[in-house]
Structure formats: C-alpha cells, structure tokens
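Reckoned from all heavy atoms, side chains included, excluding hydrogens, waters and symmetry mates. First the proteins, then the strands, lettered A, B, ... as listed; each starts at 1.
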There are 2 protein chains.
Amino acid sequence: MAEARVDRRLAAILAADVSGYSRLMGVDEEGTLTALKACRRELLDPKIAEHRGRIVKTTGDGALVEFASAVDAVRCAMDIQRAMAKRNVDIPEHRRIAFRIGINVGDIITDEGDIYGDGVNIAARIEPLAEPGTVCLSDSAYQQIKGKLSLDVADMGEQQLKNIERPCASIAFTLTGPQAARRCLFPKGRPSPCFHSRT
Amino acid sequence: MAEARVDRRLAAILAADVSGYSRLMGVDEEGTLTALKACRRELLDPKIAEHRGRIVKTTGDGALVEFASAVDAVRCAMDIQRAMAKRNVDIPEHRRIAFRIGINVGDIITDEGDIYGDGVNIAARIEPLAEPGTVCLSDSAYQQIKGKLSLDVADMGEQQLKNIERPCASIAFTLTGPQAARRCLFPKGRPSPCFHSRT
C-alpha cells in the first residue's frame, strides 16, 4: 500500500443537490435558474459562511462544501433545510426547489484547494439517499454529532451505495460496512412537507 | 441540549504516557528524568513536528497532541514506537522507557489553545489500554485510517473505559458502543519486545 506523503485533514464534507433538477428545468428553464441563483445568494452562501464552511466547488444544481467540524456542517445543513422549507410554503409544489444533503466525515486529501479521497466520494454517494428537504449522514458523521445536537433521527440501516463493485477494499468496506450511510435527519418543526418524487 | 456557539474542529487526538513511570522514578529518579527529557528532545518532539502535530500539553510523563489528520497521527505514533523499540535494544529491561499511546478522532472544542470534549477524554481513556510500546485506536480513529495505512492490527473488541458511570448519555455510548477502543496496532518489525508489566 503506497504511503506517499500528501496533505491530509479530517473534515466534514457536505454534498448537496437539487432534487428533480432536470424536471424543474424542463418545466421552466429560466425561472428555475433564477430561483436557484436566488437560493444560493440569499440562503446557501450566507448559511455556509455563518457555519464556517468552505465551498470547494459548485455544479449546475449542486455544491461540495468542506467544514472543519461535523457539528458545524450538520447545523448548517439543518438551517438550510429549515429555511428552504419556509421559503417553499407559498410556492406551487411543481416549482419548489428542494435540496438533498449528504454529510460524511473523512480523512481527506487536499491539493491546491480541491479535496479528494473516500471521504469525498462517500459524501457524494450518500447525498442521493436523502429525501428532498432532509439530510443524510454517514455513520462516521453521525458518531461525531451524537449527543451534541438535538435532532430527530431515523436510522436508515446499512445502505448499498453506488459503485459498490469498485475493486478497492477500502471503498468496499465503507459502502457496505458500518461506515455506510445509516442516518437520515429530519429538521424539527419543518413547517410543511416539501417532498418531490425522485427523478 | 445546549447549542451554544463554540469553536469546534475535527481532530485526531493522541495521548501518550510512560508505562511504569513511578517504578522507573523509584529505581533511578534523576536517570529516568534525564532519559525521558532526551526521548522528548531527540525523538518525540521532532516526530510530532514532522507529522504536523501540535503538542497541546505535557505532564510529568505524558503528552496530549492534536493532529489535523488521523493518518498523520497514526504514522507519527508508529514512528515513535518503532524508534523507541530500537532505542531500547541496548538498555536493561528495568530501565527501558516505553510509551503507551492512544488515538481518537473527535469533533473537539478549542479554546485559547486548549482542547476539550469527549474526543479528548476518550483519547485519554484508551491510552492505558495500549500495551507498552504499542498504539491503541478508538473505532472512530480506526475507521479513518483503514485502507490507508499498512499495519498489523489486533481487534481488542469493545472495551470498558474508565468513568463509565458518568451520567452523560453521549459518554456512556462512546465507552461501551462501537466507538469504544477496539483496535491495538503493533509496529511491524518491532526489533524486540519492550513490554513492562502495568503499574
């Protein structure tokens, strides 16, 4: 096993994307883009900054964010989901933007501002397991916030993540072992359901 | 549960102390102190610096060290134990200095350079579980290095840590649950046994 020296750090990695983004774009391309940009400017970016997160990259409808603390990452995610639920109350269901959020804790590799490794991959793999408007944590992330935050938690059990066929022992264990996604957190006092079917 | 805003970060916490320190001091007070200071100056401090650790505090015979990466913390610990084993080869057994090292990963609280929280307490509680000259990891720490370092690992199973009677749910779970100390790592190619009886 190679032990080449690389820059590593423990981090909580948050992956987020918009549920049903393609469908929303199909319904109203310009309206969806405008609404998504407003969400980012008015809600996501300020919340991430408030909780000391660092946006590593954004995609069309998603973001990858790094936090030094798992507690900060989960607080940020819950704040975002609570605020999004409020924001969606007066919007017709078929136009609502709802985020799925996945959080993992990992000993990641950092290189020129970007981040790499199992820790990042697992965050991206558990994010699609979250119901729209909720947050899904890996067991590694959950162990670091348990007893520190007051949350409604549903144990999702062990989950099979994408790419389980990867011929890499360290990945295989994280996908099927105790570190696999096991917990889905629901914001307390969510004012109204904002679930879309998965697309 | 209070959610007061504090500075938190994920860290690997390394706790180390000298096995049988009181006995060694009883045999030769000044000689032990001189040997221990030499160990620190020539070996511990440079290894910790090399692996980007930060010495949070030292006690008479111990140290508490913080690392940004669990992989770095474990590499540092294994380097120290390998070097100590070499150093002990020509020293009579009753005068050998051998460290126990415990490592945990936790979302710790930082305040004016000091560190606090379960993450720190668990590191201190698993350190005495290590045989002299070896390293004991909590499950949280082990999950972050699994597949990333090539090590001989012995699963110690779930361990009952000191102060299990603490009336704090989050502590109780870490002491008896899957995060409790489970792994003991032995340096590969350790040149000679350097075990003392526990005192």
> Mind checking whether B/Met78 and B/Ile145 sit in one hydrophobic cluster, side chains of I, L, V, M, F, W, Y counted as touching below 4.5 Å?
Replying inline: yes
> Got B/Gln143 and A/Asp139 here, is their nearest side-chain heavy-atom distance under 4.5 Å?
Replying inline: no
>> Which heavy atom of A/Arg8 sits nearest to which heavy atom of B/Val71, and what is that distance?
In response: CD-CB, 3.5 Å
>> Please say yes or no: joined through hydrophobic side-chain contacts below 4.5 Å, possibly via intermediate residues, are A/Met84 and A/Ile103 part of one cluster?
In response: yes
> So which bits of residues 31-47 of chain A come within less than 4.5 Å of chain B, counting non-hydrogen atoms only?
Replying inline: none
> Given a strict heavy-atom distance threshold of 4.5 Å, which part of A/Ala12 is in contact with chain B: side chain, backbone, both, or neither?
Replying inline: both
> Closest heavy-atom contact between B/Lys148 and A/Asp107?
Replying inline: CE-O, 3.8 Å
> Any link between A/Ile108 and A/Val65 through a network of hydrophobic side chains (Ile, Leu, Val, Met, Phe, Trp, Tyr) touching at under 4.5 Å?
Replying inline: no
>> Taking every non-hydrogen pair under 4.5 Å, which of A/Ala11, A/Gly119, A/Ser69 racks up the most with chain B?
In response: A/Ser69
>> With a 4.5 Å cut-off on side-chain heavy-atom distances among I, L, V, M, F, W and Y, is there a chain of contacts connecting A/Ile13 to A/Ile122?
In response: no
> Are B/Val120 and B/Ile55 connected in a single hydrophobic cluster, I mean Ile/Leu/Val/Met/Phe/Trp/Tyr linked by side-chain heavy atoms less than 4.5 Å apart?
Replying inline: no
> Can we say B/Asp72 and A/Arg9 salt-bridge, meaning some charged N sits less than 4.0 Å from an Asp/Glu carboxylate O?
Replying inline: no
> So, for A/Leu10 and B/Gln144, which heavy atoms are closest and what is the spacing to 0.1 Å?
Replying inline: CD2-CG, 3.9 Å
